[in-house]
Student: 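The structure follows.
Whatever order the structure lists them in is the order used to number ligands and atoms, beginning at 1.
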Amino acid sequence: MDMDKLVSLCKRRGFIFPSSEIYGGINGFWDYGPLGVELKRNIKDAWWRDIVQGRDDVVGLDCSIIMHPKVWEASGHVGGFNDPMVDCKATQQRYRADQLYVFGLSAKNQPPTDFEVVGGTRKLGDWADFWVSAVGASPADAWETACPRAAKLLKTKPNRLEAPALAATALYMEIAAEDRIKILAPNADEPGTLTAPRQFNLMFKTSVGALEDASSVAYLRPETAQGIFANFKNVVDTGRVKMPFGIAQVGKSFRNEITPRNFTFRSREFEQMELEFFCHPEEAAEWYAYWRKARFQWYVDHGLKSDKLRLRDHASDELAFYSTGTADIEYEFPFGVSELEGIAHRGEYDLGQHQKFSGKDLSYFDEERWERDKAGLGHNSFKEYLKTREGKPNPGYPYQYIPNVIEPSAGADRATLAFLCEAYKEDEVAGETRTVLKFHPRFAPIKAAVFPLVKKDGMPEKADAIYRDLRKHFAVFYDEKGAIGRRYRRQDEAGTPFGITVDGQTLTDGTVTFRDRDTCRQWRIPADGVVQALRDLLEGGAIPGGEGS
Ligand code: GAP
């Protein structure tokens, strides 16, 4: 699938527009048009329905975007949420270190639109050649010393986006000033204009209140997760939850990405769908395995059925020091394979950090576990139990503990982009090529379109009545303009699963034609049964084999 075709369809049909386009746009920000807003909302609603409302062990939350700045000190974002940034003194352009790798490989030395400029491949050899010519390093040595993990990744998984990026960053960080002066920056006339890399914090800063000074500094959240941790105690105190349980949140996050790219894939403002699932440390491995599998299946069930969807376990040297397991759900986008969602076993790290920084006790007393065991332990009270464990590092354990966290963290925009890429098809219908978006019916922005075959003989009135009836239950669309074939094509491009046509026969026998988007098969049903028929089909009912298929 050609990414340019999808981007152009998204613009033309009102899925996604560049933000502030009439002023030339703003890099890394996107607006969802009339169809896009419905598509993304359907994805978020399905996630919420399946993760929160459809279960009895998860509750929801909606936190403020700006939080106390200490939250971000505790989470490690103030100190460690950085990317290495490089400036060009000649052009005043700013790059992430890994971007220079792509520029270096681009024949014309022009900023590429995406990683594909490397010629469709991202091979170790290409990459090493560039550095050899630029800095004279021996590739094998440079790789192995600067970034063994990236070197390994490149050899084993050469088409993963992160591998060259990781390696480029590592190598650029290693390059001494005398070698840097040999590199020609994109659009510069002479080599040697790039600065040493410096760490750039990705959080957007703002200030709260009328005075702008050090004490008013605040950040736009770079993830929704921390609002959940900061409210852990509040939610426990509501008394609605007991271990194990999850808290879910869907909302905007902001990252001042140095090089936003690949359409909405890496944006500066985006939406996350995050679940923090809290459990007893002894049950954490089991819950990690559960969520890893369940989240992968969710994408399959909603249409990412091709082998483009993968589940990749992080190697032990990729894991954060506090994590005992992380898996990425990855999708093979036209610009490379990259992450849709991460599922991480985060241990007690997050609540532990907030306990330390806030000074508030965030441990959980597991009453059920205590009640179950106390008789066997021979204690009447928990106080008595604690006495027997005096001097131990964690005396309340296993009844009082900092819960472990399993975190499935998904991006709503990346999911939307993956579902768009997977849905996009070009096929032949009646000798003509059509573009169709084969969305899962649950995600389709419009569930059915209603058409009068012609604009006369009472057909528009009848079709309009059917449309009004359907509109009470579903997102539907009415269209009477142009030839019926063109109207079908327009809805195929919008991803509308069903078409309902009022024709001459409707006026005599009261039936209408149903048309299936994917097979273009048609069949007739009584006009007064359309609501139920559409409901059955959207819920997965079989397409009837009918006349005129
Ligand atoms: N709380 C964990 C966390 O935020 P992450 O891997 O940084 O983990 C989770 O982000 C998800 O958020 C990613 O898998 C991706 O889907 C989405 N995401 C992250 N940065 C993004 C960006 N710049 N643009 C669009 N989506 C992004």
Student: For ligand 1, which atoms sit closer than 4.0 Å to a heavy atom of Ser267?
Tutor: 22 (C), 23 (N), 24 (N), 25 (C)

Student: Any sub-3.5 Å donor-acceptor pair from Tyr288's side-chain atoms to Thr326's backbone N or O?
Tutor: yes

Student: I'd like to know if the side chain of His345 reaches the main chain of Gly347, judged simply by a donor and an acceptor atom lying under 3.5 Å from each other, with no hydrogens or angles considered.
Tutor: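 Side chain of His345 to backbone of Gly347: a pair is present.
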
Student: Tell me which protein heavy atom sits closest to atom 5 (P) of ligand 1, plus the residue, atom name and distance to 0.1 Å.
Tutor: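 For atom 5 (P) of ligand 1, the nearest protein heavy atom is Arg255 NH2, 3.9 Å.
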
Student: For ligand 1, find out whether one of its N or O atoms is nearer than 3.5 Å to an N or O atom of Arg266.
Tutor: no

Student: Distance only, no hydrogens: is a donor on one side chain within 3.5 Å (strictly under) of an acceptor on the other, for Ser253 and Gln272?
Tutor: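 There is such a pair (donor and acceptor under 3.5 Å, judged by atom type) between the side chains of Ser253 and Gln272.
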
Student: If you look only at distance, which donor and acceptor atoms sit under 3.5 Å apart when one is on a side chain in residues 402-409 and the other is two or more places apart or in another chain?
Tutor:
residue : atom : partner : partner atom : Å
Ser409  : OG   : Glu274  : OE2          : 2.6

Student: Atom 17 (C) of ligand 1: which protein heavy atom is closest, and how many Å away?
Tutor: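 Residue, atom and distance for the closest contact: Gly411 CA, 3.7 Å.
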
Student: Tyr322 ring centre to Arg346 NZ or CZ under 6.0 Å, with the angle to the axis within 45°?
Tutor: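 Judged by the rule, Arg346 and Tyr322 form no cation-pi pair.
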
Student: What atoms of ligand 1 come closer than 4.0 angstrom to any heavy atom of Glu274?
Tutor: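 Close to Glu274: 1 (N), 2 (C), 3 (C), 4 (O).
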
Student: Of the protein's non-hydrogen atoms, which lies at the shortest distance from atom 15 (C) of ligand 1, and what is that distance?
Tutor: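 Nearest protein contact, heavy atoms only, for atom 15 (C) of ligand 1 is Arg414 NH1, 3.4 Å.
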
Student: Tell me which protein heavy atom sits closest to atom 18 (N) of ligand 1, plus the residue, atom name and distance to 0.1 Å.
Tutor: Phe270 CE1, 3.5 Å

Student: Using a strict 4.0 Å cut-off to heavy atoms of Glu407, name the atoms of ligand 1 that fall inside it.
Tutor: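 Counting from 1, the qualifying ligand atoms are 1 (N), 2 (C).
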
Student: With respect to Leu340, determine whether any N or O atom, backbone or side chain, lies less than 3.5 Å from an N or O atom of ligand 1.
Tutor: yes

Student: What is the nearest protein non-hydrogen atom to atom 8 (O) of ligand 1, stated with its residue, atom name and distance?
Tutor: Ser409 OG, 3.8 Å

Student: Among all the protein's non-hydrogen atoms, which is closest to atom 14 (O) of ligand 1, and how far away is it?
Tutor: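 The closest one turns out to be Glu339 OE2, 2.5 Å.
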
Student: What do we get for Gln272 next to ligand 1 when only non-hydrogen atoms under 4.0 Å count, side chain, backbone, both or neither?
Tutor: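 It is the side chain that gets close, since no backbone atom is under 4.0 Å.
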
Student: Do any nitrogen or oxygen atoms of Glu276 come within less than 3.5 Å of a nitrogen or oxygen of ligand 1?
Tutor: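 Among all N and O atoms of Glu276, none is under 3.5 Å from an N or O of ligand 1.
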
Student: Answer yes if the side chains of Asp366 and His280 hold a donor-acceptor pair under 3.5 Å, and no otherwise.
Tutor: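 The criterion, which ignores hydrogens and geometry beyond distance, is not satisfied for His280 and Asp366.
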
Student: Is the charged tip of Lys205 near the ring of Tyr219: under 6.0 Å from the six-membered ring centre and within 45° of its axis?
Tutor: no

Student: Please check this pair: side chain of Arg268 against backbone of Pro260, looking for a donor-acceptor N/O pair closer than 3.5 Å.
Tutor: no

Student: Within the 4.0 Å heavy-atom shell around Ala225, which atoms of ligand 1 are there?
Tutor: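 Going through ligand 1 atom by atom, the ones under 4.0 Å from Ala225 are 1 (N).
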
Student: Taking the six-membered ring of Trp298, is the NZ or CZ of Arg295 close enough (under 6.0 Å from the centre) and on axis enough (within 45°)?
Tutor: yes

Student: Quick one: does Phe265 get an N or O within less than 3.5 Å of an N or O on ligand 1?
Tutor: yes

Student: Parallel under 30°, tilted from 30 to 60°, perpendicular over 60°: which one fits the rings of Phe335 and Phe333?
Tutor: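 Judged by the thresholds at 30° and 60°, the geometry between Phe335 and Phe333 is parallel.
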
Student: What atoms in ligand 1 come closer than 4.0 Å to a heavy atom of Glu341?
Tutor: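 Result: 14 (O).
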
